[in-house]
Amino acid sequence: KAGVTQTPRYLIKTRGQQVTLSCSPISGHRSVSWYQQTPGQGLQFLFEYFSETQRNKGNFPGRFSGRQFSNSRSEMNVSTLELGDSALYLCASSLDWGATDTQYFGPGTRLTVL
Amino acid sequence: GENVEQHPSTLSVQEGDSAVIKCTYSDSASNYFPWYKQELGKRPQLIIDIRSNVGEKKDQRIAVTLNKTAKHFSLHITETQPEDSAVYFCAASKTDSWGKLQFGAGTQVVVTP
């Protein structure tokens with residue numbers, strides 16, 4: 001089975017712009033979670049989706065949003081980019097929700113905000 | 001919310017020695033505790049996990065122990081090898097928000113030959 005894929009892998013944007021990141025889960029996986037990884041804050045939870053519904057949201061401003069499609073693929077959007085949004089954005093997929101299934105991570109999207 | 005603390009932040013060991021990383025959590029409802037290994041420039045990969053109904057789990061050179069009363073869990077790596085050099089993260093989650101992993105800050109492990 002193919003692993004979790006994320007596109008694009010690298011992205012450079014300027015302050016004030018918006019960006020959309022995409023995540024394709026492992027085939028058959030229905031849950032997707034998103035994390036932000038920075039040297040200073042480590043791995044921080046953004047949101048999780050199951051069945052096209054956001055189940056939980058982390059402590060991030062409203063500029064960060066996401067969605068999940070009927071095929072379980074997920075996107076996250078960051079509007080009005082700030083320098084501090086520069087980070088590695090990781091998504092993780094798992095088989096189901098509420099069953100403590102293993103989360104498998106994608107390679108991440110490296111976002112640089114100039 | 002859940003808070004996970006991880007120690008030490010860096011750990012240098014000689015090849016063949018053991019490495020121990022400790023984590024504590026604050027939410028007594030947490031019931032799932034995975035450990036991830038992240039090599040430089042790569043994605044985090046699960047190396048072992050433990051659920052709250054189990055006190056210890058072992059997989060070859062890697063073991064994890066859980067003390068629910070004290071709310072701490074530990075990763076033990078025996079007979080360390082240079083390829084064990086990486087950053088290791090502990091995490092915790094619970095049933096009603098299982099997909100929300102709360103991560104520790106990470107431990108940089110360096111195994112010197």
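Lettering follows sequence order; numbering is per chain, from 1.
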Novice: Below 4.5 Å from any heavy atom of chain A, which atoms of B/P44 appear? Answer side chain, backbone, both or neither.
Specialist: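 Both the backbone and the side chain of B/P44 come within 4.5 Å of chain A.
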Novice: Which bit of A/L43 is near chain B, if near means a heavy-atom gap under 4.5 Å: side chain, backbone, both or neither?
Specialist: both
Novice: If hydrophobic clusters are built by linking Ile, Leu, Val, Met, Phe, Trp and Tyr wherever their side-chain heavy atoms come under 4.5 Å apart, do A/V78 and A/L11 end up in the same one?
Specialist: yes
Novice: Any idea which of B/Q38, B/Q45, B/Q102, B/K42 has the most non-hydrogen atom pairs under 4.5 angstrom with chain A?
Specialist: B/Q38
Novice: Name the region of B/L46, side chain, backbone, both or neither, that has any atom closer than 4.5 Å to a heavy atom of chain A.
Specialist: side chain
Novice: Quick one: what part of A/Q37 sits under 4.5 Å from any heavy atom of chain B, side chain, backbone, both or neither?
Specialist: side chain
Novice: Measuring heavy-atom distances to chain B, does A/Y49 have an atom under 4.5 Å in its side chain, in its backbone, in both, or in neither?
Specialist: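 Looking at A/Y49, nothing touches chain B.
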Novice: Please rank A/A92, A/S94, A/G42, A/G58 by heavy-atom pairs under 4.5 Å with chain B and give me the top one.
Specialist: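 The option with the most such pairs is A/S94.
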Novice: Examine B/I50 and B/I77 and state if one hydrophobic cluster contains both, with Ile, Leu, Val, Met, Phe, Trp and Tyr joined whenever side-chain heavy atoms are less than 4.5 Å apart.
Specialist: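 They do share one cluster, since a chain of ILVMFWY contacts under 4.5 Å joins B/I50 to B/I77.
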Novice: Knowing that exactly one of A/F47, A/F45, A/Y35 qualifies, which makes a side-chain contact (heavy atoms from CB on, under 4.5 Å) with B/K100?
Specialist: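 Testing each of A/F47, A/F45, A/Y35 against B/K100, the sole residue satisfying side-chain contact (heavy atoms from CB on, under 4.5 Å) is A/F45.
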Novice: Could you grab the distance from atom OG1 of A/T102 to atom OH of B/Y32, nearest 0.5 Å is fine?
Specialist: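 Going from the OG1 atom of A/T102 to the OH atom of B/Y32 covers 4.0 Å.
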Novice: Taking a hydrophobic cluster as the set of Ile, Leu, Val, Met, Phe, Trp and Tyr residues connected by side-chain heavy atoms closer than 4.5 Å, whether directly or through intermediates, do B/I47 and B/V109 fall within one such cluster?
Specialist: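 Yes, B/I47 connects to B/V109 through the hydrophobic network.
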Novice: Treat each ILVMFWY residue as a node, draw an edge where side-chain heavy atoms are under 4.5 Å apart, and state whether A/V19 and A/V32 are in one component.
Specialist: yes
Novice: Just wondering, are more than 12 heavy atoms of other shown residues or ligands nearer than 6.0 Å to CG in B/L40?
Specialist: no
Novice: For B/Q60, does the CD atom sit with more than 12 other heavy atoms under 6.0 Å from it, leaving out its own atoms?
Specialist: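 No.
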Novice: Hydrophobic cluster membership, with links at side-chain heavy-atom distances under 4.5 Å among I/L/V/M/F/W/Y: are A/W34 and A/V113 in one?
Specialist: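 Cluster IDs for A/W34 and A/V113 match.
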Novice: Can you give me the closest heavy-atom contact between B/R43 and A/G106, atom names plus distance?
Specialist: CB-O, 3.2 Å
